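Data first, discussion second: the structure below is written as structure tokens.
Below, read A as the first sequence line, B as the second, and so on, with proteins coming before strands; counting in each chain starts at 1. Note that the structure is a prediction, hence the values are computed from the model and not measured.
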2 protein chains.
Amino acid sequence: MLTDRQLLILQVIINDFIHSAQPVGSRSLSKKEEISFSSATIRNEMSDLEELGFIEKTHTSSGRIPSDKGYRYYVDHLLSPQKLDQQDVYKVKSIFAERIYELEKIVQNSARILSELTNYTAIALGPAVRDNKLKKIQIVPINKQTAVAIIVTDSGYVQNRMFQLPETMDLGELEKLANILNDRLAGSSIESLNDKIYKEVALLLRQHINNYDFILHSIADTLLIPSHEKLFFGGKTNMLSQPEFHDFEKIKSLMTMIEQEDSIYELIRKNQSGINIKIGRENNNTAMENCSLITATYSIGTEQLGSISILGPTRMEYSRVISLLDYISRDLTSVLTKLYQGN
Amino acid sequence: MLTDRQLLILQVIINDFIHSAQPVGSRSLSKKEEISFSSATIRNEMSDLEELGFIEKTHTSSGRIPSDKGYRYYVDHLLSPQKLDQQDVYKVKSIFAERIYELEKIVQNSARILSELTNYTAIALGPAVRDNKLKKIQIVPINKQTAVAIIVTDSGYVQNRMFQLPETMDLGELEKLANILNDRLAGSSIESLNDKIYKEVALLLRQHINNYDFILHSIADTLLIPSHEKLFFGGKTNMLSQPEFHDFEKIKSLMTMIEQEDSIYELIRKNQSGINIKIGRENNNTAMENCSLITATYSIGTEQLGSISILGPTRMEYSRVISLLDYISRDLTSVLTKLYQGN
DNA sequence: ATTAGCACTCGCTATTAAAGAGTGCTAACA
DNA sequence: TGTTAGCACTCTTTAATAGCGAGTGCTAAT
């Protein structure tokens with residue numbers, strides 16, 4: 001177990017490094033207010049902390065920098081929650097200031113504001129529609145060969161897709177089709193639509209619609225939900241300003257990863273409700289070796305909807321970021337719950 | 001006027017520099033097959049070309065690199081169109097291989113493929129809906145306080161917006177509202193909707209709908225088209241691999257600009273049909289000082305819809321990029337015309 | 001008009017030296 | 001026995017220097 005003095009030193013090293021991005025030496029530590037013992041003592045303690053894996057040297061005679069393990073300990077045991085100042089609170093509130101009623105826009109705004117407040121990169125995972133219930137399906141013919149199918153869910157999410165019409169299909173039949181679909185599917189979860197179409201609706205269609213097999217697939221396709229929810233970003237280029245990324249290989253692999261939605265999705269997918277923190281290599285992604293990812297989830301009522309994350313260097317301001325994410329995700333949850341729970 | 005020999009030298013310098021990214025010296029030029037005179041002669045010619053502003057030195061005793069003016073001359077007078085090889089053609093055709101009927105998806109695919117083929121950044125400006133005609137407006141109530149308004153245009157474009165309902169409004173009235181809007185507005189250009197609502201529909205609404213003033217704004221807002229069409233990107237990070245951007249200030253200002261849709265839109269907005277080329281400072285944007293932008297427009301029939309662009313270093317493979325853009329934009333136009341002209 | 005030759009410039013690389021920050025160890029101290 | 005002063009040593013950073021090579025511009029010869 002670590003002694004109080006070791007904890008103090010670890011904490012001061014991390015706090016210093018978070019702000020300076022420079023290895024911290026014993027002499028500069030001994031000059032700090034909080035620390036009342038000599039640099040020699042500190043050197044001994046640092047040597048022990050290094051042996052335990054909490055800090056590292058960049059070369060034999062350099063100061064120390066925190067290791068992933070060091071940050072992990074810091075985050076788990078040493079972090080004092082930081083109160084947001086008035087300015088931050090104002091800015092957060094501005095997310096909801098405009099009269100916006102669309103979930104997606106609110107989430108997107110959150111990402112933008114979050115990145116502006118932190119100067120890191122913000123990633124928001126859009127609200128899941130999987131569990132939404134189908135409100136309405138509409139089919140709007142565009143011309144003789146094509147039509148647009150539109151589905152609306154009970155949270156106001158709209159999805160649309162164009163598809164080809166069979167040659168023989170007329171307007172009346174199209175209307176009949178829409179009616180059948182609505183009768184049968186309204187109220188079902190979006191996730192189950194595809195299944196239900198083939199199992200329950202196919203039969204009905206065969207009875208009432210010509211060319212039903214041609215149109216069945218098109219409709220079923222249209223109702224497929226995307227493989228993952230939308231991602232929204234804020235401050236994608238902020239990492240270019242972080243000194244640890246003044247290295248072309250690093251910045252390139254990071255930026256390239258950020259552009260690939262799949263890998264980002266992989267990173268932020270599995271999160272329990274509340275705050276989740278992944279430090280450096282804990283992310284299992286070489287491009288993220290020097291990054292930490294902090295994620296908070298938001299919900300409507302008890303139903304978990306999506307998440308907002310901050311991607312920053314491992315040397316990030318954990319305390320501030322956690323406070324911000326916590327605050328915003330709570331706000332988001334309460335505003336969305338108020339707006340959409342009254343279905 | 002330039003002599004034939006000067007033209008030859010300019011051309012060889014540019015071709016060389018495009019591939020090597022290194023200043024070109026007289027001795028290395030004299031070794032080329034195409035060139036049959038001595039390095040001393042070349043030095044004299046280069047001196048003249050420099051005086052005329054077509055090439056520059058990076059320092060007193062360096063080789064020469066093309067100037068913006070040099071590239072401009074090259075593009076206007078020396079460029080020989082390059083025929084696409086079979087592999088490129090295959091890849092381009094793959095844009096249309098999937099059965100996709102949505103304009104936006106096709107355009108998005110084009111940007112992706114284009115960036116993969118060139119290793120530069122591709123930017124596609126989505127189809128303009130301004131001149132589309134309104135096909136249908138639908139209003140779907142979500143709960144007591146909110147509803148979604150959905151508009152569909154004659155090209156199958158769908159736009160939706162949530163809005164608040166006045167407390168007193170019931171379903172019947174909502175339906176009446178939708179009917180009025182459709183009666184009055186179907187067939188009008190999207191651009192004119194907002195105007196017409198206030199001028200023609202407001203009166204009708206007042207007669208038939210309670211709380212009409214409350215809902216008028218919401219509806220009008222919903223029908224506002226976005227200030228500019230959607231932008232699609234491909235290969236956003238490709239510029240990180242270009243040697244001219246191995247400089248942190250440069251890459252940062254470029255990437256930051258790419259993230260700001262407004263400035264990108266400003267760059268590619270005004271283009272005549274066909275191929276447009278902006279070299280370096282011609283773009284009037286400091287972040288673009290070392291970049292060229294080549295844009296091709298696509299249309300449906302004769303109506304210009306949008307554009308696809310390549311953003312690369314001024315030292316880009318103009319010939320290849322132009323051929324690709326020309327080819328893709330023609331394909332795009334013909335496929336889209338076939339798909340959507342039959343309204 | 002063209003070219004060979006040469007002096008000169010500049011950037012790049014390697015080497016060296018000196019300064020500075022920091023460590024680890026030892027021995028003295030409270 | 002825990003703490004600290006002192007010191008030798010390591011490593012990075014910076015600056016200065018020198019030599020090399022690629023390239024130019026000019027001059028004089030062809």
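- Out of C:dG24, C:dG11, C:dA4, the shortest distance to the side chain of B:H59 is found at C:dG11.
- Distance, A:I42 CD1 to D:dG2 P: 18 Å, rounded to whole Å.
- Side-chain proximity of A:T60 to the nucleotides D:dC11, C:dG5, D:dT4 is greatest for D:dC11.
- For the pair B:T121 and B:I310, the minimum side-chain heavy-atom distance is 4.5 Å or more.
- Side-chain N/O atoms of B:K57 include none lying less than 4.0 angstrom from OP1 or OP2 on C:dG11.
- Both B:S28 and B:N44 lie near DNA chain D, and the one whose nearest nucleotide falls closer to the 5' end is B:S28.
- Side-chain rings of B:Y71 and B:F54 stay apart, their centers remaining 6.0 Å or farther from each other.
- Under 3.5 Å, the side chain of A:R27 and the base of D:dG6 form no donor-acceptor pair of N or O atoms.
- Rounded to whole Å, atom C1' of C:dG22 lies 13 Å from atom CD of A:E50.
- Straight-line distance from the CD atom of A:E45 to the C1' atom of D:dT4: 13 Å, rounded to whole Å.
- For B:S38, counting side-chain heavy atoms from C-beta on, the closest listed nucleotide (C:dC25, D:dT24, C:dT3) is C:dT3.
- Under 3.5 Å, the side chain of B:S61 and the base of C:dT9 form at least one donor-acceptor pair of N or O atoms.
- For B:R43 and C:dG5, the CZ to C1' distance is 10 Å, given to the nearest whole Å.
- Between B:S62 and C:dT9 there is no side-chain N or O to OP1 or OP2 distance below 4.0 Å.
- One atom, CG of B:D48, and another, C1' of C:dA1, lie 13 Å apart when rounded to the nearest Å.
- Between A:R269 and A:E266 there is a salt bridge, with a side-chain nitrogen of the basic residue lying less than 4.0 Å from a carboxylate oxygen of the acidic one.
- Nucleotide C:dG22 holds its P atom 18 Å from the CD atom of A:E56, rounded to whole Å.
- A:M46 has its CE atom 15 Å from the P atom of C:dA21, to the nearest Å.
- With C:dT2, D:dA22, C:dT23 as the candidates, the nucleotide lying closest to the side chain of B:R5 is C:dT2.
- Between A:R64 atom CZ and C:dG22 atom C1' the separation is 9 Å, expressed in whole Å.
- A:S329 is not listed as a side-chain neighbour of A:T297, based on a closest heavy-atom distance of 4.5 Å or more.
- Using a 4.0 Å cut-off, no side-chain N or O of B:T58 falls inside it from OP1 or OP2 of C:dG11.
- You'll find that the side chain of A:T41 is closest to D:dT4, out of D:dC11, D:dT4, C:dT2.
- Of the charged side-chain nitrogens involved, at least one lies within less than 4.0 Å of a carboxylate oxygen, so that A:E259 and A:K236 count as a salt-bridged pair.
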